Structures are given as C-alpha cells and as structure tokens.
**Q** 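I have a structure here, written as structure tokens, and I will follow up with some questions on it.
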Protein chains: 2
Amino acid sequence: MDQVTSAQHWMAQQMGLIIPHLSVDCVVFGFHENQLRVLLLRFKNTEVWALPGGRVYREEPVNTAAVRVLEQRTGLRGLYLQQFHTFGDPDRLHSSDFQAILAQQNIRIEASSLLFDRTISVGYYALVEFAQVSPAPDQLSDECRWWDIRDLPKLFFDHNEIVAVAVRTLRQRLSYEPVGLNLLPEKFTMPELQRLYETLLGQPLDRRNFQKRMLAYDFLQRLDERRTGGAFKAPYLYRFDRERYAAVLQGGGLAFG
Amino acid sequence: MDQVTSAQHWMAQQMGLIIPHLSVDCVVFGFHENQLRVLLLRFKNTEVWALPGGRVYREEPVNTAAVRVLEQRTGLRGLYLQQFHTFGDPDRLHSSDFQAILAQQNIRIEASSLLFDRTISVGYYALVEFAQVSPAPDQLSDECRWWDIRDLPKLFFDHNEIVAVAVRTLRQRLSYEPVGLNLLPEKFTMPELQRLYETLLGQPLDRRNFQKRMLAYDFLQRLDERRTGGAFKAPYLYRFDRERYAAVLQGGGLAFG
DNA sequence: ACAAAAGTGTTGCCGATACACCCATGA
DNA sequence: TCATGGGTGTATCGGCAACACTTTTGT
C-alpha cells in the first residue's frame, strides 16, 4: 500500500473502533523566551493549523484518550494534563472544511461518514517543559511547532475559542496549578519563575516582594549552583520540593499582588 | 395507549433523535435552613435516587440540552446553569442496573440498545432559590425532592461522585460565582447571606467583619424594610445591585477570612 | 570603571481581626 | 426584665507594598 491508501485504510479502520460524535482536543502549553506558547499541527499539504485532537475508543476512558492522542499526534508522553471544558455546539465544526483538508491528502471518505457528523469535544490542557520536548508530526500533519499565544493564526474549526477558554481557565486556576513545576525546567532561577508568573498574570511583579513570598512558601530548595553566562551577577538555581509545593497549592494556593 | 406503553413508546422514539453515548446530568443546588441541598429524582417503583439527567438531541447545543432536560424532568426554568466537568470513564454506568430500573416500570428495551451502551456525561450545576421552586417529577419518576448535601443516599451510577465534584467546584469558584444572587431570595438579611457563605465555606465568620466587608463591596442595597417575626431585633433587608455584584465578581472576586 | 541584574533589608500603611457596646423584640 | 440576636464603632496587629543599598559579573 502506498502512503495515501495506508492513511485512508487507517482512518476507515478507526471508524469502527471509536465512539461517534465525540472527540478530545489538547491545548499544550509551553513557556519560552518569556512567552506562553501553544503546540499546533499543520495538516498535510495545507496551511491549516489545528490543535492535536482525536477520537475516543469504545472502551477507553476519555482521560486516557487524551493522553494517547497527545502521544500519537505529537510524540509527547507523561504530561501534566487537565480537563477544562467541553465544547458542545452543533455548529462548532463544518464538515466541508474537514473534507477539503482530507481531499488535500487524497483521502476520500463518504460525506455520510460519522467523521463529518456533529462532534462534541472534551478540552484538555497540558503543561510541558519547553526544552524537554521535541514534538513530531503524525501522518496527518506536515509540521508541529510552537506558536506564541498572542499571535495565533486562524485555526481549524473552533480551535481558536478552545485555546482562549484554556488560557482563561489556566489564569483562573493559576494559584492552584503547579505551573512552575511543569512549565519550567528542573532547575531554574528566581527571575525565571517570576517571568513565568508575570506572563501568565499579564502584569509585572515587584522583584523583591516576589522572592520573599516564594521563599516564605518554603517549597523551593536553593541549590549551590548558579546560572552563569549573563553579563551580571549570577543568580542562584532553585528546585521545587514537590511535596511542599503540592501542599501549598492544595491549601489556600498562592497569592500575588 | 396505557401509561407503560406510552412511556416505552416515548423512549423508543427518543432513540432516533438523540446523540448516542452522550448525556447531561444536572446538580441543582438550593439553600434552606442553613443547609446546602441537592434536588434528586426517585425512579418509579424503586428506591433508587438519581440526578436529573437526559440525552442530547442531534442538532441541539449541549448547553441547551441541559436547560431543556432540567425543565422536562423537574419543571424548573430560567436557572443559573454552569458546566463543570465531563465524566468519561467507561465503567461509570452498569447497564444491568439501568435495565432493572426500567423493568420496574415494565419498560422493556433490547439489551443491545444504545441506551445501555457506554455513555459520557457532561455535568452542570444550577443555583436556585429554594422557595421559588416547586419541583415536579416527570414520567420516569415517582418523586422529586431536596436532599441535604451531607446526608445523601447511595445514588444511581456514579452520581455520588458527580455531586462531590460539583460541590468541590462550587467551593473553588465561590469567590467568582453569584451564589448569593441565585441561592437567596430577592430580599434577604445580612445574617442570611452570612449563613450561606459560612455553610459553603464550612467555617464560621465574624459577624461584624463580614458585614463590613460586604458593605464595602458596595453591591448591596439596604431597603427600608426589616424582617420581623423573630424574638430579637429585626434585621434589615438587602437586595443585590446586580451590575455591581457582577463587576466585583469579575474583577478579583470576593474575599473571606 | 561602569552597566546590568541579583541578593538582602527596612519602613510604613492599609486592611483585616478581635474586640465592646448599644438597640430592638418577644416571651 | 431578660435572653437573644442585630447594628455599629474602635484599637491593634500583621502582612504586604513600596522603597534603597550592596554585591556580582561581563565588557
């Protein structure tokens, strides 16, 4: 079988195994160069960008489907993944757009297929360490890369809205989510942690007060190493004490101001 | 047609109109006698209690389905309704339990029916003024009544967990949700508002500080009326300034302590 | 030497808490 | 008149925001 036939065969085979009318979509967040970024896929032979998403198998928990889909479509594993909203409007996708994209890959599926029928999507967001990740596109996509959250193209279906809701939800949950642990590398400096929270909050924070408060939470371990290379005083490296971090987030959460 | 045949016919007819594998379930919260309560239905000829839930029509937004199902099954309209979580484990319902309940009503449906297949449920919670409501059971139920949140029976399927997640979510969102506006009557006293928040938070609050803070938010209008009837000084009645209330919840939310 | 950035300390204000006192009402 | 609960005022305490100075490093 050539590649096209293989892909078509694969899709047809999937149809019998999945739950109709249901999908999952994942908003993968990363943090790089002081910007919040999202991982997007570009459909083969098109300029159409979309969130990594997929179908749920008949006997598979929806949460598990989100993990599997993410691995199949981007190669990412073991992520911090949270369900945040379910998108259930009947006009959230337009089958003609979808058919056009498949046509670009010479995949032909009857217009009556359940694939083109109304679909409800359960939205998840993931927090990943940007550097740890080498995303790889799957067989439906040409490219898989990070996009600045402030500068997204027009996305497939209602994916722009899904991203927007994910960002809003993440902001709301900021005090209770382990964003530092999951978006930063194992070792990081205090200014790096501060940039992260500043970016997510959308407002600058006082350097000294921020440091005092974070240290007061007592979930950071200062290492003996420092980050060298800059034209300035080398900052200390820190690491999370995961237990204490979780405990603080659980009880009351963080505060900013 | 007798009642049984009518009900069976009705269900059969529904099957062609609905999206398979998908349902909505509603956790209706009320506040009465200083307790948070949930509205439950008892299936006909059984002692099985369940949340009001139902199916989604082919062309119907899921949000709309939640509103409709709630009206059909309890008679309630125009509620404050929020989606909070989607429950997608394959073993969250057991078709044998469901068949047994339908059998009690002499409704017989083939075991192969999609009704008994795996179902993903989108959870919503509603906030309602207890006194405004006269819930009425539908044709599948014998009874519809309020239950104290702390003293629920074993519910249908995973509905106990759904309620638990709803309560947890409501607590988390407490500072940003218009719980006062929707759970209390149009006019209410300061102590009543305080009892509400105390119950939801699970901790007592200082009477004087609470009053000061609420008035400082400037979203309460004190009326010239007082609540008489108690063996004590008659408290003032208040009403929400809806715009200001919404504005405060939007920006920063409420604080307690 | 200088600029840029990081580490640490101090002050003062605001706001929340912990109070006390008085008032209204029904029994 | 007494018990109960509601309305209002005040003093204190602590935490957080605002701010300054020193230290380190590369150029």
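All chains are named by letter (A, B, ...) in the order of the sequence lines, taking the proteins before the strands, and each is independently numbered beginning at 1. Values reported hereafter were calculated over all heavy atoms of this structure, with side chains retained and with hydrogens, waters and symmetry mates removed. Remember, it's a predicted structure, so these values are computed and weren't measured experimentally.
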**Q** On the nucleotide D/dA17, are OP1 or OP2 found under 4.0 Å from the side-chain N or O atoms that A/R213 carries?
**A** yes
**Q** Could you state the atom-to-atom distance from CE of B/M190 to C1' of D/dG7 in whole Å?
**A** 10 Å
**Q** Of the listed nucleotides (D/dT25, D/dG7, C/dA6), which one gets closest to any side-chain atom of A/A234?
**A** D/dT25
**Q** Without decimals, in angstroms, what is the distance between B/M214 CE and D/dG7 P?
**A** 14 Å
**Q** Using a strict 4.0 Å threshold on nitrogen-to-oxygen distance, state whether B/E192 and B/R195 make a salt bridge.
**A** no
**Q** Look at the side chain of B/K212 against the base of D/dT10 and say whether a donor-acceptor pair falls under 3.5 Å; ignore hydrogens and angles.
**A** yes
**Q** Could you check whether the side chain of B/D206 and the base of C/dA16 have a donor-acceptor pair of N or O atoms closer than 3.5 Å, going by distance alone?
**A** no
**Q** Could you check how far CZ of A/R226 sits from C1' of D/dG26, rounded to whole Å?
**A** 15 Å
**Q** Any chance you could measure B/L36, atom CG, to B/W147, atom CH2, to the nearest 0.5 Å?
**A** 15.5 Å
**Q** Rounded off to whole Å, could you give me the CG-to-P distance for the B/N209 and D/dG6 pair?
**A** 15 Å
**Q** Roughly, in whole Å, what's the span from NZ in A/K233 to P in C/dA6?
**A** 10 Å
**Q** Can you tell me how far P of D/dT22 sits from CZ of A/R208, to the nearest Å?
**A** 14 Å
**Q** Are any of the side-chain nitrogens in A/R92 or A/E161 under 4.0 Å away from the carboxylate oxygens of its partner?
**A** no
**Q** With respect to the phosphate group of D/dT25, does any side-chain polar atom (N or O) of A/R227 fall under 4.0 Å of OP1 or OP2?
**A** no
**Q** Would you say A/Q211 reaches C/dA6's phosphate, i.e. side-chain N/O to OP1/OP2 under 4.0 Å?
**A** no
**Q** Rounded to the nearest angstrom, tell me the gap between atom CZ in A/R207 and atom P in D/dC21.
**A** 14 Å
**Q** To the nearest angstrom, how far is B/Y217 atom OH from C/dG15 atom P?
**A** 12 Å
**Q** Pick out which of B/Q72, B/R73, B/K44 makes a side-chain hydrogen bond (donor to acceptor under 3.5 Å, both in side chains) with B/D138.
**A** B/R73
